[in-house]
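First comes the structure, then the notes that go with it.
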Amino acid sequence: MIKQDISENQVRNIFLGIGSNLGNRFLNIEKAKSLLIERKINLISVSNYYETPSWPNPKNPKFINIVLKVKCSYKPLELLNLCKIIEAKLGRKKSPKNSPRVCDIDIIDFNGLVFNEKLKLPHAMMHLRNFVLIPLFEIQKEWVHPTKKMDIKKLILSLSNKDIRSIKQI
(Lines give C-alpha, C1' and ligand atoms only; values in the text may rest on other atoms or scores of the structure.)
Protein backbone atom coordinates (compact mmCIF):
# COMPACT_ATOMS: atom_id res chain seq x y z
CA MET A 1 0.00 0.00 0.00
CA ILE A 2 1.29 3.46 -0.94
CA LYS A 3 1.17 6.01 1.82
CA GLN A 4 0.18 9.41 0.47
CA ASP A 5 0.19 12.76 2.19
CA ILE A 6 -3.47 13.65 2.61
CA SER A 7 -2.72 17.37 2.23
CA GLU A 8 -1.17 16.79 -1.20
CA ASN A 9 -4.51 16.78 -3.00
CA GLN A 10 -6.36 18.87 -0.48
CA VAL A 11 -8.42 21.80 -1.67
CA ARG A 12 -7.17 24.89 0.14
CA ASN A 13 -8.68 28.24 1.20
CA ILE A 14 -6.62 30.99 -0.34
CA PHE A 15 -6.96 34.78 -0.47
CA LEU A 16 -5.71 36.64 -3.53
CA GLY A 17 -5.46 40.38 -4.06
CA ILE A 18 -5.79 41.72 -7.59
CA GLY A 19 -4.95 45.31 -8.49
CA SER A 20 -4.61 47.46 -11.59
CA ASN A 21 -3.72 51.09 -12.23
CA LEU A 22 -3.05 51.12 -15.98
CA GLY A 23 -5.47 50.86 -18.89
CA ASN A 24 -9.05 49.73 -18.26
CA ARG A 25 -8.54 48.80 -14.62
CA PHE A 26 -11.90 47.06 -14.20
CA LEU A 27 -11.48 45.03 -17.38
CA ASN A 28 -7.94 44.03 -16.39
CA ILE A 29 -9.23 42.66 -13.07
CA GLU A 30 -12.15 40.86 -14.75
CA LYS A 31 -9.76 39.27 -17.27
CA ALA A 32 -7.48 38.15 -14.43
CA LYS A 33 -10.47 36.54 -12.67
CA SER A 34 -11.46 34.73 -15.89
CA LEU A 35 -7.93 33.43 -16.42
CA LEU A 36 -7.81 32.16 -12.84
CA ILE A 37 -11.10 30.32 -13.37
CA GLU A 38 -9.77 28.82 -16.64
CA ARG A 39 -6.84 27.43 -14.62
CA LYS A 40 -9.13 25.59 -12.17
CA ILE A 41 -9.14 28.25 -9.45
CA ASN A 42 -12.61 28.22 -7.87
CA LEU A 43 -13.86 31.63 -6.76
CA ILE A 44 -15.69 31.34 -3.44
CA SER A 45 -16.11 35.05 -2.58
CA VAL A 46 -15.23 38.28 -4.36
CA SER A 47 -15.05 41.67 -2.67
CA ASN A 48 -16.34 44.89 -4.14
CA TYR A 49 -13.94 47.11 -6.04
CA TYR A 50 -11.92 49.61 -4.04
CA GLU A 51 -9.98 52.61 -5.32
CA THR A 52 -6.88 53.94 -3.58
CA PRO A 53 -4.08 56.35 -4.37
CA SER A 54 -1.00 54.69 -5.79
CA TRP A 55 1.63 53.83 -3.19
CA PRO A 56 4.32 55.00 -2.54
CA ASN A 57 3.86 57.69 -5.23
CA PRO A 58 0.31 59.14 -5.14
CA LYS A 59 1.07 61.01 -8.40
CA ASN A 60 0.81 57.70 -10.27
CA PRO A 61 -2.67 56.60 -11.46
CA LYS A 62 -5.04 55.37 -8.75
CA PHE A 63 -5.39 51.64 -8.17
CA ILE A 64 -8.51 49.54 -8.32
CA ASN A 65 -8.25 46.49 -6.04
CA ILE A 66 -10.30 43.47 -5.05
CA VAL A 67 -9.72 40.47 -2.81
CA LEU A 68 -10.83 36.96 -3.75
CA LYS A 69 -11.37 33.94 -1.56
CA VAL A 70 -10.54 30.95 -3.74
CA LYS A 71 -10.02 27.22 -3.52
CA CYS A 72 -7.58 25.25 -5.59
CA SER A 73 -5.32 22.23 -5.47
CA TYR A 74 -2.15 24.14 -6.40
CA LYS A 75 0.80 24.29 -4.04
CA PRO A 76 1.99 27.81 -3.07
CA LEU A 77 4.84 28.11 -5.58
CA GLU A 78 2.69 26.62 -8.35
CA LEU A 79 0.04 29.24 -7.65
CA LEU A 80 2.66 32.01 -7.58
CA ASN A 81 3.93 30.87 -10.98
CA LEU A 82 0.38 30.79 -12.36
CA CYS A 83 -0.25 34.35 -11.08
CA LYS A 84 2.95 35.58 -12.80
CA ILE A 85 1.88 33.91 -16.07
CA ILE A 86 -1.54 35.59 -15.89
CA GLU A 87 0.02 38.99 -15.11
CA ALA A 88 2.30 38.65 -18.16
CA LYS A 89 -0.58 37.49 -20.37
CA LEU A 90 -2.46 40.66 -19.41
CA GLY A 91 0.51 42.82 -20.37
CA ARG A 92 2.49 43.30 -17.18
CA LYS A 93 6.11 44.14 -17.97
CA LYS A 94 9.19 43.95 -15.78
CA SER A 95 9.50 47.36 -14.16
CA PRO A 96 10.85 48.96 -10.98
CA LYS A 97 9.12 47.96 -7.74
CA ASN A 98 5.78 49.77 -7.11
CA SER A 99 5.58 51.10 -10.69
CA PRO A 100 2.17 51.44 -12.34
CA ARG A 101 0.96 48.10 -13.72
CA VAL A 102 -1.80 46.56 -15.78
CA CYS A 103 -2.29 43.71 -13.34
CA ASP A 104 -0.86 42.63 -10.02
CA ILE A 105 -1.96 39.38 -8.38
CA ASP A 106 -0.73 38.76 -4.83
CA ILE A 107 -1.21 35.71 -2.66
CA ILE A 108 -2.38 37.27 0.60
CA ASP A 109 -2.91 34.11 2.64
CA PHE A 110 -2.56 30.46 1.66
CA ASN A 111 -4.62 28.42 4.12
CA GLY A 112 -2.83 30.03 7.08
CA LEU A 113 0.54 28.71 5.89
CA VAL A 114 3.69 30.51 7.03
CA PHE A 115 6.26 30.29 4.26
CA ASN A 116 9.46 32.29 3.78
CA GLU A 117 11.22 31.09 0.66
CA LYS A 118 10.68 32.47 -2.86
CA LEU A 119 7.20 33.43 -1.67
CA LYS A 120 6.48 35.06 1.69
CA LEU A 121 3.26 33.88 3.31
CA PRO A 122 1.23 35.50 4.59
CA HIS A 123 1.97 38.45 2.30
CA ALA A 124 4.69 40.45 4.06
CA MET A 125 3.00 43.87 3.92
CA MET A 126 -0.68 42.93 3.86
CA HIS A 127 -1.28 43.94 7.48
CA LEU A 128 -0.36 47.55 6.58
CA ARG A 129 -2.42 47.88 3.40
CA ASN A 130 -5.92 49.30 3.42
CA PHE A 131 -6.58 47.91 -0.09
CA VAL A 132 -6.01 44.39 1.24
CA LEU A 133 -7.49 44.58 4.75
CA ILE A 134 -10.78 46.31 3.96
CA PRO A 135 -11.83 44.09 1.02
CA LEU A 136 -10.60 41.02 2.95
CA PHE A 137 -12.77 42.04 5.91
CA GLU A 138 -15.73 42.37 3.54
CA ILE A 139 -15.49 38.70 2.51
CA GLN A 140 -13.94 37.08 5.63
CA LYS A 141 -14.86 39.00 8.78
CA GLU A 142 -13.33 36.41 11.13
CA TRP A 143 -9.93 36.19 9.39
CA VAL A 144 -6.89 36.13 11.70
CA HIS A 145 -3.33 36.95 10.62
CA PRO A 146 -1.35 33.66 10.72
CA THR A 147 1.79 35.11 12.35
CA LYS A 148 0.60 38.26 14.13
CA LYS A 149 -2.38 36.38 15.61
CA MET A 150 -4.47 39.55 15.27
CA ASP A 151 -7.97 39.50 13.86
CA ILE A 152 -8.75 41.61 10.84
CA LYS A 153 -10.76 44.19 12.79
CA LYS A 154 -7.74 45.00 14.98
CA LEU A 155 -5.50 45.20 11.91
CA ILE A 156 -7.88 47.65 10.23
CA LEU A 157 -8.11 49.76 13.39
CA SER A 158 -4.31 49.92 13.50
CA LEU A 159 -4.26 51.70 10.10
CA SER A 160 -3.80 55.46 10.13
CA ASN A 161 -6.86 57.69 9.71
CA LYS A 162 -5.38 58.85 6.42
CA ASP A 163 -5.21 55.25 5.15
CA ILE A 164 -8.79 54.56 6.22
CA ARG A 165 -10.08 57.78 4.60
CA SER A 166 -8.14 57.30 1.36
CA ILE A 167 -9.88 54.09 0.28
CA LYS A 168 -13.17 54.30 -1.58
CA GLN A 169 -15.54 51.47 -2.44
CA ILE A 170 -16.72 51.86 -6.04
Side-chain angles (χ1 to χ4, degrees), residues 12-22 25-26 28-33 35-36 41-58 60-72 74 76-77 79-80 82-84 86-87 90 92 95-170:
R12 301 167 179 96
N13 280 316
I14 299 153
F15 295 93
L16 301 177
I18 304 177
S20 175
N21 73 334
L22 288 178
R25 302 170 300 167
F26 295 99
N28 295 339
I29 291 171
E30 289 303 313
K31 284 181 181 176
K33 284 170 41 183
L35 290 168
L36 288 165
I41 306 287
N42 299 316
L43 277 67
I44 306 304
S45 300
V46 180
S47 75
N48 285 297
Y49 288 97
Y50 290 84
E51 187 176 58
T52 56
S54 189
W55 185 92
N57 185 353
N60 285 334
K62 289 184 177 182
F63 265 93
I64 300 290
N65 291 282
I66 64 170
V67 170
L68 309 174
K69 179 180 182 181
V70 304
K71 287 188 182 253
C72 73
Y74 292 100
L77 292 174
L79 181 59
L80 175 65
L82 173 64
C83 291
K84 298 298 172 205
I86 291 172
E87 289 173 350
L90 292 173
R92 183 165 179 179
S95 59
K97 190 172 178 70
N98 298 317
S99 294
R101 47 206 173 270
V102 171
C103 182
D104 184 36
I105 305 173
D106 288 328
I107 303 171
I108 304 302
D109 179 26
F110 194 100
N111 213 36
L113 182 66
V114 178
F115 196 73
N116 242 346
E117 293 175 29
K118 184 179 178 187
L119 168 66
K120 293 196 184 316
L121 291 172
H123 189 283
M125 300 298 288
M126 62 92 49
H127 64 285
L128 303 173
R129 295 184 170 163
N130 59 358
F131 57 86
V132 172
L133 293 174
I134 291 171
L136 177 57
F137 175 76
E138 178 189 332
I139 63 172
Q140 193 73 33
K141 290 182 176 30
E142 67 283 351
W143 185 84
V144 175
H145 195 287
T147 58
K148 298 194 174 302
K149 306 298 184 204
M150 289 176 68
D151 69 47
I152 191 148
K153 291 175 199 144
K154 285 184 180 146
L155 291 170
I156 290 170
L157 291 172
S158 71
L159 294 172
S160 71
N161 286 336
K162 180 184 174 199
D163 279 345
I164 291 172
R165 284 193 307 268
S166 69
I167 188 167
K168 181 173 79 171
Q169 183 180 328
I170 50 177

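Here the structure is a predicted model, which means the values were calculated and not measured.
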What residues form a side-chain contact (heavy atoms from CB on, under 4.5 Å) with P76, not counting sequence neighbours? F110, L113, L119, L121

Which residue pairs pass the salt bridge (charged side-chain N to carboxylate O under 4.0 Å, His left out) test when at least one of the two sits in residues 130-148, sequence neighbours left out? none

Hits for side-chain hydrogen bond (donor to acceptor under 3.5 Å, both in side chains) against T52, two or more places apart or cross-chain, chain-then-number order -> none

Sequence neighbours excluded, which residues qualify as side-chain contact (heavy atoms from CB on, under 4.5 Å) partners of N116? K120

Option from S160, P58, P53 for which side-chain contact (heavy atoms from CB on, under 4.5 Å) with S166 holds: P53

Can you list the residues that meet the side-chain hydrogen bond (donor to acceptor under 3.5 Å, both in side chains) rule with N65, with sequence neighbours excluded? none

Nearest 0.5 Å, what's the CG-CG distance between L90 and L22? 12.0 Å

Give, for atom NE2 of H123 and atom CD1 of I107, the distance between the pair rounded to the nearest 0.5 Å. 9.5 Å

Closest heavy-atom pair, S54 versus F63, reported as atoms and distance to 0.1 Å, is OG-CE1, 3.8 Å

Heavy-atom side-chain proximity of L36 to L16 below 4.5 angstrom: yes

What's the shortest heavy-atom distance between I108 and M126, and which atoms? CG2-CE, 3.4 Å

Of the non-hydrogen atoms in I167 and I164, which two are nearest, and what is the gap between them? CG2-O, 3.4 Å

Inter- and intrachain pairs under salt bridge (charged side-chain N to carboxylate O under 4.0 Å, His left out), touching residues 151-168, at least two apart: E51-K168

What's the shortest heavy-atom distance between N48 and I66, and which atoms? O-CG2, 3.5 Å

With no hydrogens and no angle check, is any side-chain donor or acceptor of R25 less than 3.5 Å from a backbone partner on V102? no

Determine which pairs satisfy salt bridge (charged side-chain N to carboxylate O under 4.0 Å, His left out) with at least one residue from residues 103-115, sequence neighbours left out, and list them in order. R92-D104, R101-D104

Can you confirm whether Y49 sits close enough to I29 that some side-chain heavy atom of one is under 4.5 Å from a side-chain heavy atom of the other? yes

Worked check of side-chain contact (heavy atoms from CB on, under 4.5 Å) between C72 and N42: CA-CA 6 Å; C72 73; N42 299 316; over 6 Å; no

Between K69 and I14, is there a side-chain heavy-atom distance shorter than 4.5 Å? no

Going by ring-ring contact (aromatic ring centres under 6.0 Å, His included), name the residues that satisfy it together with H145, two or more places apart in sequence or in a different chain. H127, W143

Taking ring-ring contact (aromatic ring centres under 6.0 Å, His included) as the test, write out the residues that go with F115, two or more places apart. none

What do the steps show when you test I41 against L79 for side-chain contact (heavy atoms from CB on, under 4.5 Å), and what is the final call? CA-CA 9 Å; I41 306 287; L79 181 59; 3.8 Å; yes

N21: partners by side-chain hydrogen bond (donor to acceptor under 3.5 Å, both in side chains), with sequence neighbours left out: none

What pairs with S158 under side-chain contact (heavy atoms from CB on, under 4.5 Å), at least two apart in sequence or on another chain? none

Show, in sequence, the C-alpha distance, side-chain angles and deciding distance for I156 and N130, and conclude whether the side-chain contact (heavy atoms from CB on, under 4.5 Å) test is met. CA-CA 7 Å; I156 290 170; N130 59 358; over 6 Å; no

At what distance, to the nearest 0.5 angstrom, does CD1 of I139 lie from CZ of F137? 12.0 Å

K31 meets the salt bridge (Lys or Arg N to Asp or Glu O under 4.0 Å) criterion, sequence neighbours left out, with none

